[in-house]
Amino acid sequence: MSAVRVLVVDDSATMRQLVSRTLMADPEIEVIGQAKSASEARALIKELNPDVMTLDVEMPEMDGLSFLERVMRLRPMPVVMVSTLTAQGSDTAIAALALGAVDCVVKPGVHCPRSFEELPAKVKAAARVRRRTPAPDVQPATPRAAYQPDGRIVAIGSSTGGVEALITVLQHFPENCPPTLITQHMPPLFTRSLASRLDRMCRPAVREASHGAPVGSGLVYIAPGGEQHLEVAGRTTLACVLKSGPAVNGHCPSVDRLFASVARAAGARAVGVVLTGMGRDGAEGLLEMRRAGARTLAQDEASSVVYGMPRAAFETGAAERQLDLARIGPAVLDATAMRT
């Protein structure tokens, strides 16, 4: 198998060298070029035809977001964004992921000294991504005007490619959507930016989850990135619970932790969904949900950016059905609609 050929783009010479050294430590990756600006990157893309590009979020001349939009329009290719762990950097990174960047890593710093450890794996995963024509819009199975939630809660897990996927799913949700909890693998600050972006783009209220926040109709909660897992607990009234703990399946927050808590707290009164992502986080928790009587879905291979988490969920028997991404939102509404 040939090495993944990578173009590194960053205005900082120090960062270009750090990214390159990190990638070249993996024998399955070859750094074929470096660029300090968008104009240099454009020329090298034409000359070298890389498999993957790493792209700095903040650059002179043309910022990374504007350059990414142009690349995705004129020469679609897998891109991994490299961001600072700041509010501005996080907002821009989330916008980049919505534009089609495959993934994002945080530059090493005081709060994330080992953040580049996952860079080679993300670059290799990006190289396997198939750039796809967006699926046509599909109308919700239950008309929005007639939709009334039946009390079931929805739990969603996602990772690589999850920003685009979550936008697609949640844009089907009406203002009075079923109570929804989401664990998307992301660093701190990124999840806050993601919640803000989804809140602007979708009808329901989307918030970063806080400890004790009530779970109810019309509310969508995103697990905060960092060192806490999002769970749900309660008897007559359910609430968000943030628990510190070690990573599960390499992740904190973990999809498995969310799903397992939903199985305990809601049983059959729930719907679980696994979307695109690397690895197998969520498969065991979704199986617990199914065994408790919940409805369970997974994104299909053709519409997944990375068919890792959905594959694990389906092959372990956790997911009842696999669906094209465009059909998952309507399917969730159909499964949670009050029957007359």
Side-chain angles (χ1 to χ4, degrees), residues 3-38 40-41 50-60 63-65 67-68 78-97 101-127 159-163 184-194 208 223-228 244-254 277-279 281 306:
V4 176
R5 303 166 68 252
V6 183
L7 173 65
V8 175
V9 184
D10 198 297
D11 66 317
S12 164
T14 301
M15 192 55 61
R16 289 196 301 274
Q17 290 304 313
L18 180 56
V19 172
S20 297
R21 282 201 308 272
T22 302
L23 292 175
M24 289 189 295
D26 189 313
E28 297 178 347
I29 297 176
E30 177 188 2
V31 175
I32 59 171
Q34 299 181 13
K36 65 177 182 292
S37 65
E40 282 190 12
D51 299 318
V52 179
M53 175 170 63
T54 68
L55 178 62
D56 185 17
V57 164
E58 298 166 346
M59 293 195 306
D63 67 86
L65 201 59
F67 181 49
L68 175 69
V79 176
V80 175
M81 303 302 292
V82 181
S83 170
T84 54
L85 188 59
T86 63
Q88 180 180 348
S90 301
D91 287 343
T92 306
I94 295 300
L97 293 169
V102 175
D103 215 328
C104 185
V105 295
V106 177
K107 292 181 179 180
V110 175
H111 299 291
C112 294
R114 302 169 64 182
S115 59
F116 269 9
E117 288 182 354
E118 59 190 358
L119 179 59
K122 291 192 173 187
V123 164
K124 288 190 288 187
S159 187
T160 309
V163 171
Q184 158 74 36
H185 298 152
M186 276 188 168
L189 293 185
F190 281 55
T191 47
R192 190 175 307 163
S193 297
L194 174 61
E208 187 178 53
E227 299 178 352
Q228 293 181 309
S244 298
V248 176
N249 297 313
H251 297 286
C252 187
S254 162
M278 289 191 294
D281 191 24
V306 178

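All values derive from a computational prediction rather than experimental measurement.
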Legend entry - Audit row: Phe67, Met53, side-chain contact (heavy atoms from CB on, under 4.5 Å) steps and yes/no: CA-CA 12 Å; Phe67 181 49; Met53 175 170 63; 3.9 Å; yes

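Partners of Ser254 by side chain to side chain donor-acceptor pair (under 3.5 Å), not counting sequence neighbours, listed by chain and number: Asp281. Listed by chain and residue number, Arg114 satisfy the salt bridge (Lys or Arg N to Asp or Glu O under 4.0 Å) test with Glu117 (two or more places apart in sequence, or in another chain). With sequence neighbours excluded, no residue forms a side chain to side chain donor-acceptor pair (under 3.5 Å) with Thr22. For Thr191, the side chain to side chain donor-acceptor pair (under 3.5 Å) test picks out Glu208, with sequence neighbours left out. For Glu40, the salt bridge (Lys or Arg N to Asp or Glu O under 4.0 Å) partners are Lys36, not counting sequence neighbours. Looking at residues two or more places apart in sequence or on another chain, you find a side-chain contact (heavy atoms from CB on, under 4.5 Å) between Ala96 and Leu65, Leu68, Met81, Ala101. Residues passing the side-chain contact (heavy atoms from CB on, under 4.5 Å) test with Glu227: none are found, sequence neighbours excluded. The salt bridge (Lys or Arg N to Asp or Glu O under 4.0 Å) test applied to Arg16 returns no partner, not counting sequence neighbours. Residues satisfying the side chain to side chain donor-acceptor pair (under 3.5 Å) test with Gln228, not counting sequence neighbours, are none.
Contacts classified as salt bridge (Lys or Arg N to Asp or Glu O under 4.0 Å) and involving residues 118-127 (residues at least two apart or in different chains) are given here: Asp26-Lys124, Glu28-Lys124, Asp103-Lys122, Glu118-Lys122.
Counting only distance, with no hydrogens or angles, the side chain of Asp51 and the backbone of Ala127 share no donor-acceptor pair below 3.5 Å. At distances below 3.5 Å, at least one donor-acceptor pair connects side-chain atoms of Asp10 with backbone N or O atoms of Ser12.
Side-chain polar atoms of Gln184 and Ser159 form no donor-acceptor pair below 3.5 angstrom.
Taking the side chain as every heavy atom from C-beta outward, Thr54 and Leu7 never approach each other to under 4.5 Å.
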